[in-house]
**Student:** 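Before we start, here is the structure in question, set down as structure tokens.
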Amino acid sequence: IKITENEGIQPDFSFHQHGAQLYSFGYGKAFIMRAVSYAYLAKGTAWEFKKEKIDILSHFLFDGQQWMSRNQFFDYNAQGREITREKFAIYPLVLACEMLNEIDTEHRTAYKDFESQLTCGRRTEPIIGNHNFYRSDFMVHQRPNYYFSIRGTSNRIIGGESGNGENQKGYYLGKGNTFLVRRGDEYKDIFPVWNWRKLPGTIIEQSNEPLPLFDWGKGNTGKTSFVYGVSDGIYGCFGYDYVYDNIKAKRAWFIFDKEIVCMVAGLTSNGDNDFFQSINQCLSKGEVQVDNEILTSETQQSKTVNWVWHDSIAYYSKNVETNLQIQNNIQTGSWKTIDTNGRADTIQKKVFTLGMKIGKHEKNKSFFYAMLPGVGTNDLKNYCFEKNIKILRNDSTVQAVYNKELGQIQAVFYHPNQIHLPWQRLKLNVLKPCLLIVNKKQNILEIHFSQTSSNNMVIVDISKIMNFKNENIYIVR
């Protein structure tokens, strides 16, 4: 029981097993149950665990596994091969809470709250904030009315694995896929009928060829080093220099309270088939509306759609010069197709799929879309995206967004460059690749940054200051 950069509990309280591979709800779930069981048995004896060991287990449960969950949803990005098992076992986590409640009496209320979430899907206090699991290229965003996660795969980690006949179609897991959850059942048992070439958030070539396997993770390390997030604890952005199969693109996610803005820039594709930017693929629930009109067909394709609404989530894609595809139909499959040990009987589920069709030979293509969780159709009548969000840059060098309501800029710099700030004609230069969150608080700029190398040199330069004193500018790393 220790913090390690090898297999086990990581410094950011994610969990690695089978190499640098995110497994917080796979092997990590078994680890917490076994470790706490021994601590429980040893309590009050000569072999009682030291407090520092109990603290590590407590932090792993609260700052790791708890953050990766909402109600009875346990992030599939952190399950490894277990995503294709028909039943997800909750009891190891429940048992860990119950036993730690007896061992670590100082945090009984917190253990009870997590246990209530696990067993009943309810908490006394919601988790609110943003957490960047930098060791696993994984970011989680929690709000009272939704949960969002994004996971990439750099050349520092393994994206996932197949093995024991499990995860037969998980080739694209961890390649920029996202989950957007409100209740917790949006993706429940969808996996036998999922189109695994349209995983939420991914850009994938559409082909009928069988998906390759990564036998125990072999060959599934990312291709680039620039896969980073930056978080100030409340908000976060995530940048991904994406190179995979026949596609290259700069991809970024900017995560606020109301809006989640997703950008793609410099996209170059060179395959035998069209590509698909998936926005979401979840279980269908109720009607689908397209620009305030109810979708009456199973499939619709258009270049002129502004808004799509489904299951209390609005999707915005105005002025995107590509075909937006909307599907709301029955999909079939079986557990055996994704886990050779699973049941072979055919399963049918109605699935909502939204995404953009991208040509097979694109060059330097850029676009963005946004997601607004927890809104009704009437809310959209009084909402204007451009009044609250301004796209500052979206190219292969810089991707940046300004949230006017928050007075916050989030930016991903893939190369040294500059952006103009919307305050007092300020210009912000960065001297090396990085990610930034810039908050303006009266006459103070608060800058959080994530640097892509380990040295500590300051990388931010703010110039052309008018009525803005240098001593009032400070940087928080």
Side-chain angles (χ1 to χ4, degrees), residues 18 21-23 25-27 29-30 72-92 149 151 159-175 177-181 183-220 245 273 276 278-286 288 298-299 310-311 325-355:
H18 291 184
Q21 186 175 168
L22 179 58
Y23 252 121
F25 285 132
Y27 291 99
K29 183 175 60 173
Q72 292 182 311
F73 164 83
F74 306 93
D75 204 305
Y76 303 109
N77 276 314
Q79 290 190 20
R81 301 189 325 274
E82 209 162 313
I83 187 176
T84 59
R85 295 180 187 176
E86 188 171 357
K87 300 294 183 183
F88 179 87
I90 299 176
Y91 77 89
S149 70
R151 184 177 171 217
E161 66 181 7
S162 51
N164 288 339
E166 298 174 314
N167 203 23
Q168 294 289 295
K169 296 185 179 182
Y171 180 74
Y172 288 103
L173 285 171
K175 305 304 186 298
N177 61 280
T178 60
F179 290 103
L180 180 53
V181 168
R183 297 177 306 276
D185 60 355
E186 286 84 351
Y187 307 92
K188 184 174 175 59
D189 296 334
I190 195 175
F191 310 112
V193 306
W194 234 4
N195 183 333
W196 288 77
R197 291 184 184 273
K198 293 183 177 180
L199 303 183
T202 56
I203 305 176
I204 299 174
E205 184 175 357
Q206 300 302 290
S207 168
N208 294 322
E209 295 295 319
L211 289 166
L213 297 177
F214 287 124
D215 194 25
W216 303 112
K218 185 178 180 180
N220 197 12
D245 290 344
N273 306 281
F276 189 79
S278 178
I279 298 175
N280 205 354
Q281 185 189 182
C282 59
L283 294 174
S284 177
K285 185 178 178 63
V288 176
E298 290 187 344
T299 303
H310 168 255
D311 195 13
Q325 293 186 344
I326 309 153
Q327 291 178 292
N328 194 39
N329 56 5
I330 298 294
Q331 295 181 189
T332 61
S334 72
W335 286 100
K336 195 171 185 65
T337 60
I338 56 176
D339 179 354
T340 58
N341 307 297
R343 293 186 292 121
D345 52 304
T346 299
I347 295 170
Q348 292 187 340
K349 292 181 183 292
K350 194 171 185 180
V351 176
F352 168 76
T353 305
L354 178 65

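Source: prediction; values computed, not measured. For this chain, numbers begin at 1 and follow the sequence in order.
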**Student:** Over all heavy atoms of both residues, which pair between Gln79 and Tyr23 is shortest? Give the atoms and the distance, please.
**Tutor:** O-CE2, 3.6 Å
**Student:** Regarding Asn220 and Lys175, do their side chains bring together a donor and an acceptor under 3.5 Å, going by distance alone?
**Tutor:** yes
**Student:** Under a 4.5 Å cut-off applied to non-hydrogen side-chain atoms, are Ile204 and Lys198 in contact?
**Tutor:** no
**Student:** If every non-hydrogen atom of Pro200 is compared with every non-hydrogen atom of Ser278, which pair is closest and at what distance?
**Tutor:** CA-OG, 3.7 Å
**Student:** Just by distance, with hydrogens left out, do Glu82 and Tyr27 show a side-chain donor and acceptor under 3.5 Å apart?
**Tutor:** no
**Student:** Look up atom OG1 in Thr178 and atom CG in Asp75, then write down how far apart they are to the nearest 0.5 Å.
**Tutor:**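 If we round to the nearest 0.5 Å, Thr178:OG1 and Asp75:CG are 10.0 Å apart.
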**Student:** Parallel, tilted or perpendicular: which describes the rings of His310 and Phe352, with under 30° parallel and over 60° perpendicular?
**Tutor:** parallel
**Student:** Determine, step by step, whether Phe25 and Tyr76 satisfy the side-chain contact (heavy atoms from CB on, under 4.5 Å) criterion, reporting the C-alpha distance in whole Å, the side-chain angles of both residues, the deciding distance to 0.1 Å, and the verdict.
**Tutor:** CA-CA 8 Å; Phe25 285 132; Tyr76 303 109; over 6 Å; no
**Student:** Quick one: do Ile190 and Val351 satisfy side-chain contact (heavy atoms from CB on, under 4.5 Å)? Show the steps, please.
**Tutor:** CA-CA 8 Å; Ile190 195 175; Val351 176; 4.2 Å; yes
**Student:** Checking side-chain contact (heavy atoms from CB on, under 4.5 Å) between Trp335 and each of Asn341, Asp345, Ile347, Thr340, which is the one that passes?
**Tutor:** Ile347
**Student:** From Leu173 CG over to Arg151 CZ, what is the distance, rounded to the nearest 0.5 angstrom?
**Tutor:** 8.0 Å
**Student:** Is a side-chain donor or acceptor of Gln168 paired with a backbone partner of Gly165 at a separation under 3.5 angstrom?
**Tutor:** yes
**Student:** Taking atom types as modelled, find out whether Asn77 and Asn177 have a side-chain donor-acceptor pair closer than 3.5 angstrom.
**Tutor:**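 Yes, because at least one side-chain N or O of Asn77 sits under 3.5 Å from a partner of the opposite role on Asn177.
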**Student:** Atom CD1 in Ile330, atom OG in Ser284: separation rounded to 0.5 Å?
**Tutor:**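 Reported to 0.5 Å precision, the distance equals 8.0 Å.
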**Student:** Evaluate the side-chain proximity of Arg343 to Lys336: yes if any heavy-atom separation is below 4.5 Å, no if none is.
**Tutor:** no
**Student:** How far apart are the C-alpha atoms of Arg183 and Asp311, what are their side-chain angles, what is the distance that settles it, and do they pass the salt bridge (Lys or Arg N to Asp or Glu O under 4.0 Å) test?
**Tutor:** CA-CA 10 Å; Arg183 297 177 306 276; Asp311 195 13; 2.9 Å; yes
**Student:** Quick check: does any side chain N or O of Tyr187 sit under 3.5 Å from a backbone N or O of Leu180, one acting as donor and the other as acceptor?
**Tutor:** yes
**Student:** Kindly indicate whether the side chain of Lys349, heavy atoms from C-beta on, has any atom under 4.5 Å from the side chain of Lys188.
**Tutor:** no
**Student:** Does Trp194 have any ring-ring contact (aromatic ring centres under 6.0 Å, His included) partners at least two apart in sequence or in another chain, and if so, which?
**Tutor:** Phe191, Trp196
**Student:** Please report the closest heavy-atom contact between Gln281 and Leu199, naming both atoms and the distance.
**Tutor:**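 Smallest interatomic distance, heavy atoms only, reads NE2-N, 4.1 Å.
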**Student:** Throw together a table of side-chain donor-acceptor distances under 3.5 angstrom for residues 208-217, partners on residues two or more places apart or in other chains.
**Tutor:**
none

**Student:** Between atom CG of Asp339 and atom OG of Ser162, what is the distance when rounded to the nearest 0.5 Å?
**Tutor:**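 Between Asp339 CG and Ser162 OG, I get 11.5 Å after rounding to 0.5 Å.
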**Student:** Could you tell me which non-hydrogen atom of Lys169 sits nearest to which non-hydrogen atom of Ile338, and how far apart they are?
**Tutor:**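 Looking at all heavy atoms of both residues, the closest pair is CD-CG2, 4.0 Å.
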**Student:** Relative to Phe88, does Lys29 satisfy both conditions: NZ or CZ under 6.0 angstrom from the six-membered ring centre, and within 45 degrees of the ring's axis?
**Tutor:**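 Cation-pi check for Lys29 and Phe88: passes.
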**Student:** Please answer whether the main-chain N or O of Val193 pairs with a side-chain N or O of Gln331 as donor and acceptor at a distance below 3.5 Å.
**Tutor:**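 Yes; at least one donor-acceptor contact below 3.5 Å.
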**Student:** Distance check, rounded to the nearest 0.5 Å: Arg81 atom CZ versus Asn164 atom CG?
**Tutor:**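 Interatomic distance, Arg81 CZ to Asn164 CG, rounded to 0.5 Å: 5.0 Å.
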**Student:** Check whether Glu205 reaches the backbone of Asn273 with its side chain - one donor and one acceptor, N or O, closer than 3.5 Å.
**Tutor:** yes
**Student:** Checking Asn195 side chain against Arg197 main chain: does a donor-acceptor pair fall under 3.5 Å?
**Tutor:** yes
**Student:** Using modelled atom types only, decide if a donor and an acceptor are shared between the side chain of Gln327 and the backbone of Thr353 within a distance under 3.5 Å.
**Tutor:**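 Checking the backbone N and O of Thr353 against the side chain of Gln327, no donor-acceptor pair under 3.5 Å is found.
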**Student:** Given the rule in the side-chain contact (heavy atoms from CB on, under 4.5 Å) test, do Leu283 and Glu186 qualify, once you have shown the distances and angles that lead to the verdict?
**Tutor:** CA-CA 6 Å; Leu283 294 174; Glu186 286 84 351; over 6 Å; no
**Student:** Taking Asn167's backbone N and O only, do any of them form a donor-acceptor pair with Thr84's side chain (distance below 3.5 Å, no angle check)?
**Tutor:** yes
**Student:** Nearest heavy-atom pair of Leu354 and Phe276: which atoms, and what distance?
**Tutor:** C-CZ, 4.2 Å
